[in-house]
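Could you have a look at this structure, given as structure tokens, before my questions?
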Amino acid sequence: MRDLFFIAFLGVFFLMGFRRPFLLVAVYSYIDIVSPQRLSYFLLNSIPISAIAFAAMVGAWLVMDDKKDCRFSARQGLLLLLVGWCGYTTMTADFPAEALTKWAWVWKAIIAGIFLPLVLRTRLRIEAMTLFMILCASTIIINGGMKTALSGGGYGVLNLMVENNSGLYEGSIISCVAISVIPLILWLTHHGTIFPPDWRVKAFCYALCLACMLMPIGTEARTGLVCLVILAGMMLMRSKRKFIYGPLLAVAALAAIPFLPTSFTQRMQTIENHQGDESASTRVAVWKWTIDYVKTHPGGGGFDNYLQNSFTYFAQSTVTDDSGSRIERRLVTDKGRAYHSAYFEMLGEQGYFGFFLWLLIHGICFVRTEMIRRLYSRRTGPTEAWISPFALALQQGHVIYMIGSLFVGIAYQPFIFMLLSLQIGLDTYLTRLRKSAARQHLIAMQAGRQGAPA
């Protein structure tokens with residue numbers, strides 16, 4: 001029954017997309033974020049629906065969409081160079097079979113990040129893309145937030161609709177993404193036009209923000225807690241009453257500790273001392289191995305080259321018995337452990353060049369979005385008041401994602417390329433408007449000079 005529902009839903013969605021081509025972008029976003037094929041028992045598992053949605057999205061744009069306002073930016077060129085480099089490292093990978101498996105979805109995610117800004121050429125489309133990203137992510141977030149509120153969750157225990165612990169269904173990844181979309185959700189409560197922000201929309205958005213904040217608790221992901229603290233700090237810096245809200249936030253955080261699950265507080269204590277937690281100690285050992293690896297392989301080892309790592313390290317823990325408490329050290333040998341960091345994932349798999357390209361793309365997006373925020377910060381007209389807050393929300397979400405990716409291997413997640421495409425699309429859209437306004441102003445000045453008396 002579930003399979004039939006998904007097939008009917010996607011079928012209607014696709015049919016609507018052939019009448020309104022931009023809706024196929026929404027179909028692609030839904031499939032790559034929610035992954036309904038993982039929720040299906042057997043029917044959708046046998047169909048490459050992601051590839052079909054991608055081909056339909058691009059094909060509809062080529063055949064039916066208006067292309068007069070499309071612009072290709074330098075960042076899209078850098079993304080094209082990045083996907084080309086990833087293709088090269090895949091052909092020369094240390095583990096060719098495993099690399100091809102990862103390449104099968106990575107290239108599509110990056111190409112989609114290149115393509116999407118071409119269709120995000122109006123405010124309505126930019127807002128619609130933002131809304132669909134939030135709603136698709138909320139499919140998982142609401143489910144996890146409700147289960148956390150009712151049962152408390154637990155590390156590796158919270159079931160996010162599927163048992164497959166990958167993609168956005170992995171605890172640390174969904175915690176990072178959930179916190180990163182909060183600024184965009186709050187933006188919709190003030191500047192949304194598809195769903196005008198009345199009391200019902202605001203109530204849903206605020207409830208969704210609460211569910212987002214519950215995700216780090218339900219998954220007991222330390223990454224989510226770090227992201228939540230960073231978000232609170234960034235919002236506090238922008239607040240005009242920071243000296244009032246700051247102490248109130250600190251008191252609220254302290255007051256919430258007794259209501260948190262004991263397992264959550266115990267796991268969060270390992271942030272201070274990574275050697276007391278074997279998972280954190282393993283990550284540090286993998287990162288050291290990666291640095292040593294790229295010294296001898298500057299071009300990287302291709303996708304999933306971490307499978308060859310092997311290392312030994314000391315882990316320590318506090319043991320309490322009848323004689324008291326003592327620090328116990330033990331020797332741990334491990335191998336084939338994943339990077340657990342987007343930065344070291346890029347460095348190890350794509351080498352220095354790929355790592356530099358990746359950082360450059362994110363850095364340029366951050367700088368350009370900050371320039372947009374400052375340029376439009378004092379413009380309060382009805383057609384421009386939304387721009388600066390939207391740029392700030394994109395920037396805050398981007399920063400949170402990049403900080404969260406310090407501890408999670410999410411360098412190629414489709415969600416981040418969609419977020420980058422929103423920033424690029426906003427930039428090219430506003431650049432086109434500014435050039436058009438300057439051209440009209442110049443024409444008006446020339447007409448005025450020609451009509452003036454001698």
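Below, each value reflects all heavy atoms present in this structure, side chains not excepted, and no hydrogens, waters or symmetry copies.
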What's the shortest heavy-atom distance between Leu208 and Ile141, and which atoms?
CD1-CG2, 4.3 Å

Quick one: are Cys86 and Trp103 in side-chain contact, heavy atoms under 4.5 Å?
yes

Would you say that Val408 contacts Gln413 through its side chain, given a criterion of any heavy-atom pair below 4.5 Å between the two side chains?
no

Quick one: list whatever passes side chain to side chain contact (heavy atoms under 4.5 Å, CB included) with Gln308, sequence neighbours left out.
Asp94, Phe95, Trp289, Tyr293, Asn305

Any chance you could measure Leu419, atom CG, to Phe415, atom CZ, to the nearest 0.5 Å?
6.0 Å

Return yes if some donor-acceptor pair links the side-chain N/O of Gln76 with the main-chain N/O of Ile114 below 3.5 Å, else return no.
yes

Check the pair Val181, Met133 against side-chain contact (heavy atoms from CB on, under 4.5 Å), reporting the backbone distance first and the verdict last.
CA-CA 9 Å; Val181 298; Met133 287 174 61; over 6 Å; no

Shortest non-hydrogen contact from Thr122 toward Tyr429:
CA-CE1, 3.9 Å

Would you check, one step at a time, whether the test salt bridge (charged side-chain N to carboxylate O under 4.0 Å, His left out) holds for Glu370 with Arg374?
CA-CA 6 Å; Glu370 174 64 14; Arg374 294 188 179 187; 2.7 Å; yes

To the closest 0.5 Å, what do you measure between OG1 (Thr130) and CG (Leu120)?
8.0 Å

Backbone of Phe407 reached by a side-chain donor or acceptor of Ser341 within 3.5 Å
no

Would Thr219 and Ser172 satisfy side-chain contact (heavy atoms from CB on, under 4.5 Å), going step by step from the backbone distance to the final call?
CA-CA 7 Å; Thr219 59; Ser172 296; over 6 Å; no

With a sphere of 6.0 Å drawn around OH of Tyr352, does it hold more than 12 non-hydrogen atoms of other residues, nucleotides or ligands?
yes

Relative to each other, are the rings of Tyr339 and Tyr306 parallel, tilted or perpendicular (30° and 60° limits)?
perpendicular

Apply side-chain contact (heavy atoms from CB on, under 4.5 Å) to residues Leu62 and Val58 and explain how you reach the verdict.
CA-CA 6 Å; Leu62 290 172; Val58 177; 4.1 Å; yes

Heavy atoms only: give me the nearest Gln396-Pro183 pair and the separation to one decimal.
OE1-CB, 3.6 Å

Could you give the distance from CG (Leu420) to CG (Leu394), rounded to the nearest 0.5 Å?
10.0 Å

For Glu345 and Ala411, which heavy atoms make the closest approach, and how far apart are they?
OE1-N, 3.3 Å

Where does the angle between the aromatic ring planes of Phe344 and Trp287 fall among parallel (under 30°), tilted (30 to 60°) and perpendicular (over 60°)?
parallel

Taking CE in Met146 as the centre, count heavy atoms belonging to other residues, nucleotides or ligands within less than 6.0 Å. Is the count above 12?
no

Verdict with supporting geometry, Leu82 and Met346, side-chain contact (heavy atoms from CB on, under 4.5 Å):
CA-CA 11 Å; Leu82 178 62; Met346 286 298 302; 4.1 Å; yes

Roughly how far, to the nearest 0.5 Å, is the CG atom of Leu422 from the CG atom of Leu184?
7.5 Å

Hey, what do you get for OG (Ser421) to CG (Leu79), rounding to the nearest 0.5 Å?
9.5 Å

Side chains of Asp427 and Met371: closer than 4.5 Å at any heavy-atom pair?
no

Go through the steps for Gln395 and Thr369 under the test side-chain hydrogen bond (donor to acceptor under 3.5 Å, both in side chains), then give the verdict.
CA-CA 7 Å; Gln395 188 183 69; Thr369 307; over 6 Å; no

Contact between His190 and Pro389 at the side-chain level, heavy atoms closer than 4.5 Å - yes or no?
no

Arg71 vs Thr431 side-chain heavy atoms within contact, under 4.5 Å:
no

Taking all non-hydrogen atoms of both residues, which atom of Ala338 and which atom of Val286 are closest, and how far apart?
O-CG1, 3.7 Å

Test: salt bridge (charged side-chain N to carboxylate O under 4.0 Å, His left out). Region: residues 120-140. Which pairs qualify, not counting sequence neighbours?
Asp65-Arg121, Asp65-Arg125

Sidechain-backbone polar pair: Trp107 side chain, Gly87 backbone, donor-acceptor under 3.5 Å
no

Assess the pair Trp358 and Tyr343: is the distance between their ring centroids shorter than 6.0 Å?
yes

What class does the angle between the rings of Phe390 and Trp187 fall in, given that below 30° is parallel, 30 to 60° is tilted and above 60° is perpendicular?
tilted

If we ignore hydrogens and angles and just use 3.5 Å, is the side chain of Glu349 paired with the main-chain N or O of Asp304 as donor and acceptor?
yes

Does a side-chain heavy-atom distance below 4.5 Å link Trp85 with Thr89?
yes

So, the side chain of Tyr401 versus the backbone of Ile410: is there a donor-acceptor pair under 3.5 Å, distance only?
yes

Please report the interatomic distance CG(Leu118) to OG(Ser73), rounded to the nearest 0.5 Å.
8.5 Å

Is the Phe132 ring parallel, tilted or perpendicular to the Phe13 ring (thresholds 30°, 60°)?
tilted

Looking at side-chain heavy atoms only, is the closest gap between Ile49 and Phe14 below 4.5 Å?
no

State, with a plain yes or no, whether a side-chain heavy atom of Gln350 is found less than 4.5 Å away from one of Leu357.
no

Check this for me: Arg379, atom CZ, are more than 12 non-hydrogen atoms of other residues, nucleotides or ligands nearer than 6.0 Å?
yes

Nearest heavy-atom contact between Ile126 and Leu426 is CD1-CA, 3.9 Å

